[in-house]
Number of protein chains: 2
Amino acid sequence: MKTTIKDIAREAGVSYQTVSKALRGTGSVNEDTAQKIKKIARDIGYVPSIAARAMTTRKSQLIAIFLPQIASSFYHTILQGIENLANEHNYSVLLYLFHNTSLENKLETILSYQVEGIIIFENHFSITLLSRFQAHKIPILFVNSTDIPSNANQIAIDACYGLKLAFAHLAELGHRHVLFALSDHEAGMKRIGELQAMIPRDYGMKLSSKVYCDYYSSEHVFRNFDVKDVQNGVTAIVCTSDYIALPIMTRLQEQRICVPEDMSLVGFDDLEFSAFLNPPLTTIQQPKRELGEKIFQMLFGLMRGETHQSMMIFPKLIVRGTTKMLTSK
Amino acid sequence: MKTTIKDIAREAGVSYQTVSKALRGTGSVNEDTAQKIKKIARDIGYVPSIAARAMTTRKSQLIAIFLPQIASSFYHTILQGIENLANEHNYSVLLYLFHNTSLENKLETILSYQVEGIIIFENHFSITLLSRFQAHKIPILFVNSTDIPSNANQIAIDACYGLKLAFAHLAELGHRHVLFALSDHEAGMKRIGELQAMIPRDYGMKLSSKVYCDYYSSEHVFRNFDVKDVQNGVTAIVCTSDYIALPIMTRLQEQRICVPEDMSLVGFDDLEFSAFLNPPLTTIQQPKRELGEKIFQMLFGLMRGETHQSMMIFPKLIVRGTTKMLTSK
DNA sequence: TTGTAGGCGTTATCAA
DNA sequence: TTGATAACGCCTACAA
């Protein structure tokens, strides 16, 4: 029913080991018989069993990706970069989405598949997890994770760099009092704290911060944002996500506060919709697809035995229609 | 290095076959020794090898999902539904994204993993592909696909039903001339053609149709939409995606055509951003997560031997701020 | 260049 | 209840 190399061997009148060699091009096989074998393989629709191969080689041709349970196209685009490159290298992608703690529960599953590498987004993990994988010698790559051990492999988009770009842009436009609209999980980050101290100092800017949601929920922002938050002299808002910027812009417009005339607004991520808002959103663009490809390349290197890797990617500012030179006082 | 049931067997002083039985709870094993075996397994961190298991059982605990290469949160949400349920049932998800023709190229890969079921979105496939999988007795479920063989398993959101909802809503509001803004790949669909014939007849409505992009590219729509398209008496626009509705709304507003006062607008999908636009978008909501769960349930049934299945899901109208009763002529 | 022997980790069968 | 034997499909020596 399922065809194996033995079927091919019988057909070709050789031993199945010869078939194995011929099909993979390893070892030495007579050119003619090799051709014959390959032809037969094609004709009967032979497909190698990765499971069987994995048993002897311990190569499953599988990598696992853990993504947060978030319905954002952001991750989907990164996924594209990873998947495309993985496929080119004959790897397939096992996708896992996690709630808060489910990652560790899935640990066993993932080990049982003998994946060759693991990609984890956004620091949902524990040290015990890390050590357990290390014991199995399976490389892990952390993406956009904070507070991870310094010896862990990681690749990240430098969010603080991007935010600085946003503040610098506003400073140049003359803004002196800015609201920093955050998502819950960012509020505790050390680097964000440093940034909050640095901005006023470096740009002579007054900075008000407020948490509007957990994990980029536009709905929460829409509910929590209050125009009073910007009625004390704030002339611009920097958001850590376009998902935060969008509802804020809508709220402002509802209250007849014009963007960017009365209030400048900067988002983060450059999601698909951002360029088509009215006005189009000034934001910090992340090279999503490129990031995906870098992620795979890095993991691939790790799987080939390269040692500890760490990489930063720098986002860039896209000036569109929601920021404007401050004119009146 | 990697621990196996034989390691456990040695430790417990029994044969490895007994360990196998004890761990899976099949066959009869002395309760005490079973407990002992399980404890040892836990202690030494035993993880079963799915590859090895798959060799004898032919169950890989794997399903494959083919998704179009589209950076929309729409698919990501459906994925969530599928993945969550799959994991509950101890299945893992192999994710593949395809360009136009790559599906067939990946066929071999997917067969080599001995996946137990396949989910394919949006009719990117061929008949030969279908028959090849049938030969391997691997069930395939088509999602939102059109023009597929009638004996194929499928689940779909009834887009035409949803669109009818949109037109009916506009008809009720008094609109008599509507622009139907399409994406390229829909233009050729039989059911869409039928719909275009039916709407004028059933609602006494004049219907203009225009293709603005291929595959929901907001960018193309933004470039291609021209206010002249609605200057011949059109009072409302129905779009086949929120990604189409968004740039149209922005274009209209740029030209001081107020939504909904001067022009009503209906989207499709209810993406995350849609509720937070200004004004919030009236649209057709698809039960994305629920669809994902239904998809897995259906595939799971198929994998257990259920016969040909077909299912329709009905979307619903969400009236928000972009549609309005037609007042003046 | 070819084939023999052994093993990868697990499950299934059946005799003890 | 237990364990010996065989098999799953393939790969890696190594010997012919």
Side-chain angles (χ1 to χ4, degrees), chain A residues 1-38 40-41 44-62 90 108-109 111-116 136-137, chain B residues 1-38 40-41 44-62 90 108-109 111-116 136-137:
Chain A
M1 116 131 242
K2 186 169 188 344
T3 65
T4 74
I5 49 174
K6 290 187 183 169
D7 298 320
I8 301 177
R10 200 178 317 115
E11 188 77 17
V14 297
S15 74
Y16 65 89
Q17 292 85 345
T18 303
V19 174
S20 171
K21 285 183 236 169
L23 253 25
R24 276 173 310 131
T26 86
S28 47
V29 177
N30 180 287
E31 182 56 27
D32 287 347
T33 59
Q35 288 306 329
K36 183 172 161 196
I37 287 171
K38 286 181 188 167
I40 295 176
I44 70 177
Y46 167 75
V47 175
S49 159
I50 292 197
R53 181 178 296 165
M55 294 228 8
T56 63
T57 63
R58 305 179 156 289
K59 299 278 173 208
S60 62
Q61 305 282 101
L62 243 30
N90 286 314
E108 181 152 342
T109 305
L111 283 174
S112 70
Y113 281 105
Q114 292 178 166
V115 302
E116 296 181 44
H136 286 261
K137 296 213 170 43
Chain B
M1 127 124 234
K2 184 167 189 345
T3 66
T4 73
I5 49 175
K6 290 187 182 171
D7 297 321
I8 300 177
R10 200 177 317 115
E11 188 77 19
V14 297
S15 75
Y16 63 89
Q17 293 86 345
T18 303
V19 174
S20 172
K21 285 183 232 167
L23 253 25
R24 278 174 307 134
T26 84
S28 47
V29 178
N30 179 289
E31 182 57 28
D32 288 346
T33 59
Q35 287 306 328
K36 184 173 159 196
I37 287 171
K38 285 181 188 167
I40 296 175
I44 70 177
Y46 166 75
V47 174
S49 158
I50 291 198
R53 181 178 296 164
M55 292 224 14
T56 65
T57 63
R58 304 179 158 289
K59 299 279 173 208
S60 62
Q61 304 283 103
L62 242 31
N90 286 315
E108 180 151 344
T109 305
L111 283 174
S112 70
Y113 281 105
Q114 292 177 171
V115 302
E116 296 180 42
H136 285 260
K137 295 213 171 41

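In what follows, every chain begins at residue 1, and chains take the letters A, B, ... in the order their sequences are listed.
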Quick one: label [X] by what it contacts on the DNA or RNA (base, sugar-phosphate, nothing), any heavy atom closer than 4.0 Å.
X	result
A:S49	sugar-phosphate
A:K6	nothing
B:T33	sugar-phosphate

Please give, in whole Å, the distance from [N] [atom2] to [X] [atom1]?
X	N	atom1	atom2	result
B:K21	C:dT10	NZ	P	16 Å
B:I8	C:dT11	CD1	P	11 Å
A:N30	C:dG3	CG	P	11 Å
A:E31	C:dT2	CD	P	11 Å
A:Y16	C:dG7	OH	C1'	11 Å
B:R58	C:dT11	CZ	C1'	13 Å
A:L111	C:dG9	CG	P	15 Å
B:I50	C:dT11	CD1	C1'	14 Å

Per nearest nucleotide of DNA chain C, the residue lying toward the 5' end, B:T57 or A:T18, is A:T18

Phosphate OP1/OP2 of C:dT4: any A:S15 side-chain N/O under 4.0 Å:
no

N/O (side chain, B:Y46) to phosphate O (OP1/OP2, C:dT10) under 4.0 Å:
yes

Step by step, work out the side-chain hydrogen bond (donor to acceptor under 3.5 Å, both in side chains) result for B:R24 and B:S20.
CA-CA 6 Å; B:R24 278 174 307 134; B:S20 172; 2.9 Å; yes

For [X] and [Y], which heavy atoms make the closest approach, and how far apart are they?
X	Y	answer
B:G45	B:T3	O-OG1, 3.9 Å
A:V29	A:A22	CG2-N, 3.8 Å
B:P48	A:S112	O-CB, 3.0 Å
A:S60	A:E116	N-OE2, 3.0 Å

Between A:Q61 (side chain) and A:N90 (backbone), is there a donor-acceptor pair under 3.5 Å?
yes

Quick one: how far along DNA chain D does chain A reach, first to last nucleotide 5' to 3', anything under 4.0 Å to a heavy atom?
D:dG9 to D:dT12

For the atom pair OG1 (A:T109) and CD1 (B:I50), what is the distance rounded to the nearest 0.5 Å?
7.0 Å

